[in-house]
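Below you'll find the structure, written out as structure tokens, and then a few comments.
Just so you know, these numbers come straight off a predicted model, no measurement behind them. The chains referred to below are lettered A, B, ... by the order of the sequence lines, with proteins before strands, and numbering in each begins at 1.
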There are 2 protein chains.
Amino acid sequence: MEVTIVENQRLEVQKKIDKILCGKAEVESCCPVKDILARFGDKWSIYTILTLGKQEKLRFNELKSQISGVSQRMLTVTLRSLEEDGLVNRSVYPEIPPRVEYSLTPLGQGLLLQLLQLADWAKLNIDQILEARERYAHKS
Amino acid sequence: MEVTIVENQRLEVQKKIDKILCGKAEVESCCPVKDILARFGDKWSIYTILTLGKQEKLRFNELKSQISGVSQRMLTVTLRSLEEDGLVNRSVYPEIPPRVEYSLTPLGQGLLLQLLQLADWAKLNIDQILEARERYAHKS
DNA sequence: CCTTTGAGTTACCAAAAGTAACCTAGTTAT
DNA sequence: ATAACTAGGTTACTTTTGGTAACTCAAAGG
């Protein structure tokens with residue numbers, strides 16, 4: 001189970017990371033990947049995408065109740081930024097009271113698959129992390 | 001290239017997400033995966049792990065200069081929390097001036113591999129995201 | 001004895017997130 | 001006919017977090 005990067009892997013990994021982080025200060029609008037990671041690098045975006053993955057469509061208040069702890073304001077802000085990036089669809093039905101349905105775009109579904117992998121890793125390694133926290137708490 | 005979750009995949013995905021998010025309000029300390037995602041869900045943690053992936057060991061100021069934009073304070077805070085979670089090793093050499101070397105633990109290297117996949121996805125889909133932002137800016 | 005050095009702290013200020021009240025406008029209940 | 005309810009927000013205000021700059025520590029070198 002122990003994953004270690006051995007030396008012959010390292011060069012490959014280094015090159016990859018260099019490309020991702022654009023270490024060499026590119027000419028124009030340096031490193032868009034950083035910019036994108038910064039976008040869904042906050043917890044509400046991740047939860048929102050995971051929650052939207054459960055159903056095809058979800059209304060605002062359904063999302064709000066399923067994402068425990070999110071405030072109304074932060075949910076709107078998060079959904080707007082995901083919509084701006086083309087990860088989420090927002091369909092407004094002009095009724096009273098209003099009805100708004102949110103769903104993942106194909107792009108958003110692609111990101112969902114990546115996040116599921118990340119979550120799998122988290123689930124697999126959670127015990128190690130909790131142990132490490134225990135150790136850290138005791139040694140200090 | 002278009003990734004779409006078809007209906008027969010959805011049930012599987014739903015079950016997976018339910019497990020990850022612990023929808024059914026578990027007895028004690030509900031959903032550790034949420035907790036963990038919240039930890040490296042900030043941008044400095046992601047950059048720090050990616051940067052530490054480039055070399056086996058890096059000293060504090062080397063890290064600071066390679067992670068563009070990070071402040072001294074935020075780097076210490078980020079490194080401490082990664083150390084607490086057992087993702088990063090911190091070795092202090094009792095010299096004057098002090099020398100401190102940081103490196104990824106095997107656990108951290110496992111997370112690095114996940115983040116590389118995420119970054120790959122970002123690189124692959126960046127054009128679509130930038131297009132979506134253009135559209136959003138114009139339509140408003 | 002004054003400066004430099006690396007790896008931090010501390011104090012202070014700005015920016016982001018959380019809280020709670022308010023808004024809209026048509027439908028139902030009183 | 002007016003009051004309350006509805007869903008999906010917005011606005012104003014407070015608290016928490018992040019960023020900036022100055023300070024610390026202890027020994028070596030000038």
- Message: Just to be sure I understand the rule, does A:Arg73 reach a base, reach only the sugar-phosphate, or reach nothing, if contact means heavy atoms closer than 4.0 Å?
- Response: base
- Note on the structure: At a 4.0 Å cut-off to heavy atoms of chain A, the contacted part of DNA chain D spans D:dT6 to D:dA12
- Task: Using the six-membered ring of A:Tyr102, assess whether NZ or CZ of A:Arg90 lies under 6.0 Å from its centre and within 45 degrees of the ring axis.
- Result: no
- Query: Is the shortest heavy-atom distance from the side chain of A:Leu75 to the side chain of A:Leu63 under 4.5 Å?
  - Reply: yes
- Query: Within a strict 4.5 Å, meaning less than it, do heavy atoms of the B:Leu111 and A:Leu118 side chains meet?
  - Reply: yes
- Task: Using chain B heavy atoms and a threshold of under 4.0 Å, write down where along DNA chain C the contacts begin and end, 5' to 3'.
- Result: C:dT5 to C:dA11
- Looking at B:Ile20 and A:Ala119, what are the two nearest heavy atoms and their distance? CD1-CB, 3.4 Å
- Residues in contact with DNA chain D, drawn from residues 60-71 of chain A - heavy-atom cutoff 4.0 Å: A:Phe60, A:Asn61
- With hydrophobic residues grouped by side-chain heavy-atom distances under 4.5 Å, do B:Val92 and B:Leu79 end up in a single group? yes
- Message: Under the side-chain contact (heavy atoms from CB on, under 4.5 Å) test against B:Ile17, which residue among A:Ile49, A:Leu115, A:Leu50, A:Leu52 passes?
- Response: A:Leu50
- Mind checking what makes side chain to side chain contact (heavy atoms under 4.5 Å, CB included) contact with B:Gln72, not counting sequence neighbours? B:Phe60, B:Lys64
- Message: Need to verify one output field. Residue with the more 5' nearest nucleotide on DNA chain C, A:Asp42 or A:Gln72?
- Response: A:Asp42
- Only pairs at least two apart or in different chains count here, so list each side-chain hydrogen bond (donor to acceptor under 3.5 Å, both in side chains) that has a residue in residues 73-87 of chain B. A:Arg133-B:Asp85, B:Arg39-B:Asp85
- Message: What's B:Tyr102 touching, base or sugar-phosphate or nothing? Going by heavy atoms closer than 4.0 Å.
- Response: sugar-phosphate
- Given DNA chain D, 5'-ward residue of the pair A:Arg90 and A:Ile96, judged by closest heavy atom: A:Ile96
- Rounded to 10°, the angle between the first-five-pair and last-five-pair axes of the helix from C:dC1-D:dG30 to C:dT30-D:dA1 is 30°
- Message: Any non-hydrogen side-chain atom of B:His138 less than 4.5 Å from a side-chain atom of B:Arg135?
- Response: no
- Item | Validation row: A:Gln66, A:Leu58 side chains within 4.5 angstrom (heavy atoms) | yes
- Would you indicate whether the side-chain heavy atoms of B:Leu104 and B:Leu87 approach each other to under 4.5 Å? no
- Let me know, please, whether A:Pro98 or B:Arg59 comes out on the 5' side of the other along DNA chain C by nearest nucleotide. B:Arg59
- Okay, side chain of A:Glu62, backbone of A:Arg59: is any donor-acceptor separation there less than 3.5 Å? yes
- Query: Can you check salt bridge (charged side-chain N to carboxylate O under 4.0 Å, His left out) on B:Lys16 and A:Asp120, steps first, answer last?
  - Reply: CA-CA 9 Å; B:Lys16 208 166 170 181; A:Asp120 272 341; 3.2 Å; yes
